[in-house]
Amino acid sequence: MTSEEAKALLEAFRAGELSVDEVVRRFRLHPSADLGFATIDRHRAIRKQFPEVVFAAGKTVDQVVQIVDQLYHDHGRVLV
């Protein structure tokens with residue numbers, strides 16, 4: 001979740017479109033993704049204004065691709 005998405009979620013709550021329970025559920029929804037060989041912090045973009053950066057050293061090409069795919073799906077941008 002990006003900061004913009006978090007703000008939109010809170011705006012929807014303020015407008016009465018979402019309940020408190022639904023907002024909490026969405027914020028808790030998958031704060032991390034465990035790929036088996038790496039755990040991705042999906043909420044880093046909320047805290048730091050940019051999603052997690054991929055440290056590629058020591059990872060296989062396939063592992064980097066899986067991480068990049070996940071981050072791009074979540075945030076639309078990736079730094080390796």
Side-chain angles (χ1 to χ4, degrees):
M1 178 180 298
T2 65
S3 293
E4 291 78 26
E5 291 169 330
K7 289 175 187 175
L9 193 60
L10 295 172
E11 288 294 333
F13 169 73
R14 183 173 22 192
E17 299 167 5
L18 295 174
S19 69
V20 171
D21 290 338
E22 179 61 15
V23 171
V24 169
R25 186 191 74 75
R26 290 190 190 185
F27 272 119
R28 286 186 178 166
L29 188 63
H30 310 293
S32 63
D34 184 359
L35 301 180
F37 55 88
T39 301
I40 299 170
D41 179 2
R42 293 174 134 173
H43 285 186
R44 186 180 189 282
I46 295 171
R47 296 188 314 274
K48 303 292 185 177
Q49 304 304 308
F50 195 86
E52 199 162 17
V53 174
V54 180
F55 182 69
K59 294 179 180 70
T60 66
V61 171
D62 184 56
Q63 288 172 330
V64 173
V65 168
Q66 288 181 57
I67 294 169
V68 167
D69 282 347
Q70 184 67 58
L71 287 172
Y72 189 79
H73 176 266
D74 290 346
H75 304 288
R77 57 187 172 166
V78 180
L79 179 62
V80 180

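What you see is a predicted model, and the numbers here were worked out from it, not measured in a lab.
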| message | Using the rule that Ile, Leu, Val, Met, Phe, Trp and Tyr join whenever any side-chain heavy atoms are under 4.5 Å apart, tell me whether Val80 and Ile40 fall into a single cluster. | response | yes
| field | Within 6.0 Å of CZ in Arg47, more than 12 heavy atoms from elsewhere | value | yes
| message | For Ala33 versus Arg42, what's the shortest heavy-atom pair and its separation? | response | CB-NE, 4.0 Å
| query | Are side-chain heavy atoms of Asp41 and Ser32 found at a separation under 4.5 Å? | reply | no
| task | Work out which heavy atom in Ala45 is nearest to a heavy atom in Pro51; give both atom names and the distance. | result | CB-N, 3.9 Å
| query | Between Arg77 (side chain) and Tyr72 (backbone), is there a donor-acceptor pair under 3.5 Å? | reply | no
| Between Val24 and Phe13, is any pair of side-chain heavy atoms under 4.5 Å apart? | no
| request: Go through Ile67 and Lys59 one step at a time and tell me if the side chain to side chain contact (heavy atoms under 4.5 Å, CB included) criterion holds. | output: CA-CA 10 Å; Ile67 294 169; Lys59 294 179 180 70; 3.8 Å; yes
| query | Could you give the distance from CD (Gln49) to CZ (Arg44), rounded to the nearest 0.5 Å? | reply | 10.0 Å
| query | So how far is it from Gln70 CD to Glu52 CD, rounded to the nearest 0.5 Å? | reply | 11.0 Å
| task | Would you indicate whether the side-chain heavy atoms of Val64 and Thr60 approach each other to under 4.5 Å? | result | no
| Given Asp62 and Phe37, is the side chain to side chain contact (heavy atoms under 4.5 Å, CB included) satisfied, shown in steps? | CA-CA 11 Å; Asp62 184 56; Phe37 55 88; over 6 Å; no
| said: Run Arg26 and Glu22 through salt bridge (Lys or Arg N to Asp or Glu O under 4.0 Å) and show every step you take. | reply: CA-CA 6 Å; Arg26 290 190 190 185; Glu22 179 61 15; 2.7 Å; yes
| said: I'd like to know if Leu9 and Val20 are part of one continuous hydrophobic network [Ile/Leu/Val/Met/Phe/Trp/Tyr, side-chain heavy atoms within less than 4.5 Å]. | reply: yes
| request: Treat each ILVMFWY residue as a node, draw an edge where side-chain heavy atoms are under 4.5 Å apart, and state whether Leu35 and Val78 are in one component. | output: yes
| query | Hey, any chance Leu18 and Leu10 share a hydrophobic cluster, counting ILVMFWY side chains that come within less than 4.5 Å of each other, even indirectly? | reply | yes
| Does the side chain of His43 come within less than 4.5 Å of Pro31's, by heavy atoms? | yes
| request: Output, in order, the C-alpha distance, side-chain angles, deciding distance and verdict of side chain to side chain contact (heavy atoms under 4.5 Å, CB included) for Glu17 and Glu11. | output: CA-CA 9 Å; Glu17 299 167 5; Glu11 288 294 333; over 6 Å; no
| Ignoring hydrogens and geometry, is there a side-chain-to-backbone donor-acceptor pair from His73 to Val68 under 3.5 Å? | no
